[in-house]
S.K.: 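Here it is, the structure, as structure tokens.
Chain letters run A, B, ... following the sequence lines, proteins first, then strands; residues in each count from 1.
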2 protein chains.
Amino acid sequence: MIDATAPGRVGDVRRRNLSRVLDSIAKTGDAKPSRAQLAAGTGLTKAAVSSLVADLVESGLVAEVGLYRDGERGRPGQGLELSSRRGVIGMEINVDYLAVGVVDLGGNLRFHASVESPNRGLEPATVMERLGALAAEAKAAAAAEGIAILGGGLAVPGLVDEQRSVVLSAPNLHWENEPLNPRALLEGAPLGVRLSNEANSAALGELWYGGGPADFLYVSGEVGVGGGVIIASELYTGPGGSAGELGHIVVNPDGPSCSCGGAGCLETFAGQEAIFEAAGIPPGALEERAELLLAALRQRDPQARKAVDDAGRYLGVALASSARLMDIEAVVLGGHFAVLGEWLRPALLASLERHAPGLLDPENLTLSGLEHSGTLLGAAGQVIRSVIESPFEFLLAAKLA
Amino acid sequence: MIDATAPGRVGDVRRRNLSRVLDSIAKTGDAKPSRAQLAAGTGLTKAAVSSLVADLVESGLVAEVGLYRDGERGRPGQGLELSSRRGVIGMEINVDYLAVGVVDLGGNLRFHASVESPNRGLEPATVMERLGALAAEAKAAAAAEGIAILGGGLAVPGLVDEQRSVVLSAPNLHWENEPLNPRALLEGAPLGVRLSNEANSAALGELWYGGGPADFLYVSGEVGVGGGVIIASELYTGPGGSAGELGHIVVNPDGPSCSCGGAGCLETFAGQEAIFEAAGIPPGALEERAELLLAALRQRDPQARKAVDDAGRYLGVALASSARLMDIEAVVLGGHFAVLGEWLRPALLASLERHAPGLLDPENLTLSGLEHSGTLLGAAGQVIRSVIESPFEFLLAAKLA
DNA sequence: CCATATAGTTCAGATTGAAAACTAATTGGA
DNA sequence: TCCAATTAGTTTTCAATCTGAACTATATGG
């Protein structure tokens, strides 16, 4: 396939090289590369890099951070980094809480806040209003730290149409085809607010800020079972944008019917609700039930043990099928599954070994370390990445303003 | 993601535009576009297109095919097409036959030959020798038609390492880690011979020459059950290159063990052998058994009917899971499944509706019309595509020679 | 036979990175 | 202390390539 963004005119070369340099700075991260190092890394000449960096510094995306010597001879280089005075606000609506965070271009979470909020069944307008209040806090915090906010990312637990900012289906919130107006959360931010799926954002957070490998499947165990597929360091969304719905892979054709209308889905065996029920945890608040389950497991309660083993076994079936179909070589467990990680692991690995022996190295089955901030980081990171990938457009806009 | 293969020199613009123009000619196909139409289609100026086309014509990749008037006023354009005097040889090793074909750059199958050959268990060297004889026929036929052979594609029913030309695993041939030397089949062809997987090649054949949509899952029912995933008009191979192994998706966690070492795989329910056995077809040659099965189905034999229904049902489970994970919206059934198509369809659709209601429109479940030539076309097409995507390298080589 | 329309070419102009020469800033040793 | 060596970054010249506008070529229709 011919890359539509590839240079067609001479001017496009610069577009691409601006992005390449910016990406190289982002990848080098804390090492704060000099122009000379960037030249070596990108294959461009020092002259070209100097010219490109000049534009990036002028736009405010990149900052010089003083000299930098490594003990050797020669003139020291000027360290460069993605500006810590520009940032993006990450936001998250989940079933039982709202959260916001300020992430600077370098990927540092500079501010973080969350509130409990039983959003299930609430009107989207009500939830958006509450989230707006939280976003205002984040904006104030950013202003106090001298961070100019370029845009925002909003993650929700459901399928979304990113272009039109519509939540197509979020069964756990009881939302269906709800158009949101995320832009209103950050009035005046030049890049607007991007709506995204919670599991996908968490997968991207893991990739960019959690040390995830270039190829992995992220399994999100929030109230539902979601997934995010990362291939070659990019989110794989599929032709219609809804890939990664791991929760509705069929793991047992004779299984019970599922909220999605199907039958035998993974979620009916390994969703939070299914596990709690099988473990005999009484209804109640999510946090409390999770605590009860962990307590039961610690006390070697056989019913809890079996519930988690079953979930692990079926998760193994889903991962075996996924690995076969998509050639997945690594898996990161997040959310609920990260909390249950060590209890899930034995049954999961046994099941994988039974259904796809040798396909997935147990070492490559890891638990997410980012906990809940992964989703925020990923939601904000998508906007940051869009700047890194198309800085030219951003420069133009900056020049006009 | 930033394309690492495209350092940003000014000269790369031309590289890209050569490819873009060539691709545009290939896509327009039989319409034989003029330079002016290409300019309109690519967004380049007429001047640029003229210059690019001049290089392509000089290299022999593109040919002018006389004037062309559409009744309107004005000077008529020069029709352009991919040269019919340049071609690629497609080759196929399957369990019970060998096949070759000459495909010109325009995708026309100009010569075709196949021989029965019980390759299961034969030494690769023996098989390659037989294939070499067939390839020689193809070369002679190409020479007779004045087609210069640029390279070849060889498809085998197993996992391959394309870079090193090694068949990693072809259980149905009983080959394991067999290095081949496909280059030797076409001594002197400038682009060499590319080894590929049979199901993937068939999927690409369907995409390029069978009118397949931009996004679909090709299901190959040869002796094993294979698959090829096409996303955005490209083959999705996954990080390790072995994506699409539909045959080893788990469709029933309590199912029997499989030749792959796993258990409950689709292949154990819907592989040819499994269907024949369940239908009570006695052992024998593949072709004969297939005929017997079809005859039994036509006579409404209940055992045959049930065997095919079961296969369809489990195929539906696998497709439901695949659609969920990869957001697949269309499926093309090939090989054995295309032959059984109408008998499979009812149970398959019912199963899809049960496990993933509404996810896949029945209209988007189609049967391949290319039959066995799809694999040849796809195998050859991969080499043709590589020229379309990197004509600059080809031009350089042509200029040196 | 000429106005009109479309195809394709020619040429000046602008953008851009490569290459090489240059300036700047540092270290280590004479 | 000072200079050679070394590395960073800038300036200058040059070649590649596309755009845009003017131009030539070739058809149709009245």
S.K.: Calculate the interatomic distance between A:Phe392 atom CZ and C:dT15 atom P; express it in whole Å.
M.R.: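 Whole-Å distance recorded here is 11 Å.
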S.K.: Between A:Asn17 (side chain only) and A:Arg20 (backbone N and O only), is there a donor and an acceptor less than 3.5 Å apart?
M.R.: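 Such a contact is absent between A:Asn17 side chain and A:Arg20 backbone.
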S.K.: Name the closest nucleotide to the A:Ser34 side chain, picking from C:dT26, D:dC18, D:dG9.
M.R.: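 The answer is D:dG9.
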S.K.: Taking A:Asp327 for the side chain and B:Gly241 for the main chain, is one N or O donor matched with an acceptor at less than 3.5 Å?
M.R.: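 Such a contact is found between A:Asp327 side chain and B:Gly241 backbone.
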S.K.: Distances under 3.5 Å only, N/O to N/O: pair up the protein atoms with those of nucleotides 2-4 of chain D.
M.R.:
none

S.K.: Would you kindly give the CG-to-C1' distance between A:Leu52 and C:dT16, to the nearest whole Å?
M.R.: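 Taking atom C1' of C:dT16 as the reference, CG of A:Leu52 is at 10 Å.
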S.K.: Side-chain N or O of B:Asn17 less than 4.0 angstrom from OP1 or OP2 on D:dT17?
M.R.: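 No, no such contact exists.
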S.K.: Between the side chains of B:Glu187 and B:Lys139, is the shortest nitrogen-to-carboxylate-oxygen separation below 4.0 Å, so that they form an ion pair?
M.R.: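 Between B:Glu187 and B:Lys139 there is no salt bridge, as every charged N stays at least 4.0 Å from the carboxylate O atoms.
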S.K.: Between A:Asp55 and A:Leu52, is there a donor-acceptor pair closer than 3.5 Å when you use the side chain of the first and the backbone of the second?
M.R.: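 It does not hold such a pair.
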S.K.: Closest heavy-atom contact between A:Glu393 and A:Arg15?
M.R.: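 Residues A:Glu393 and A:Arg15, closest heavy atoms: OE2-NH2, 3.1 Å.
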S.K.: Send over the distance from A:Asp55 CG to C:dG17 P, rounded to a whole Å.
M.R.: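 One finds 9 Å between P of C:dG17 and CG of A:Asp55, rounded.
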S.K.: Under a plain distance cut-off of 3.5 Å, with no hydrogens placed, do B:Ser165 and B:Arg194 share a side-chain donor-acceptor pair?
M.R.: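 Side chains of B:Arg194 and B:Ser165: no pair found under 3.5 Å.
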S.K.: For the pair made of CG in A:Leu80 and P in D:dA8, what is the distance, rounded to whole Å?
M.R.: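 Nearest whole value for this atom pair: 12 Å.
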S.K.: Starting at CZ of A:Arg15 and ending at C1' of D:dT17, how long is that distance when rounded to a whole Å?
M.R.: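 For the pair A:Arg15 CZ and D:dT17 C1', the rounded distance is 17 Å.
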S.K.: If we check salt bridge (charged side-chain N to carboxylate O under 4.0 Å, His left out) with A:Asp104, which of these qualifies: A:Arg85, A:Arg86, A:Arg110?
M.R.: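 Per the salt bridge (charged side-chain N to carboxylate O under 4.0 Å, His left out) rule, the option paired with A:Asp104 is A:Arg110, out of A:Arg85, A:Arg86, A:Arg110.
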S.K.: Of B:Gly79 and B:Gly74, whose closest DNA chain C nucleotide lies nearer the 5' terminus?
M.R.: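 That would be B:Gly74.
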S.K.: Rounding to a whole Å, what distance do you find between A:Arg9:CZ and D:dT19:P?
M.R.: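 Atom-to-atom, A:Arg9 to D:dT19, this comes out as 5 Å.
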S.K.: Between B:Ser196 and B:Ser201, is there a side-chain donor-acceptor contact under 3.5 Å, judged purely by atom types and distance?
M.R.: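 Result is yes, a qualifying pair exists.
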S.K.: Between B:Ala36 and A:Arg14, which has a closest nucleotide on DNA chain C that is more 5'?
M.R.: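 Between the two, 5'-proximity favours B:Ala36.
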S.K.: Among B:Leu376, B:Leu109, B:Ile147, which residue satisfies the side-chain contact (heavy atoms from CB on, under 4.5 Å) criterion with B:Val103?
M.R.: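 Going through the options one by one, the only one that passes is B:Leu109.
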S.K.: Shorter than 3.5 Å, N or O on both sides, protein versus nucleotides 9-12 of chain C: list them out with atom names.
M.R.:
residue	atom	partner	partner atom	Å
C:dT9	OP2	B:Ser50	OG	2.3

S.K.: In whole Å, I'd like the distance from the CG atom of B:Asp12 to the P atom of D:dT17.
M.R.: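 Distance check: B:Asp12 CG to D:dT17 P gives 9 Å.
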S.K.: Given atom CG of A:Leu44 and atom P of C:dT15, what is their separation to the nearest angstrom?
M.R.: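 The answer, rounded to whole Å, is 20 Å.
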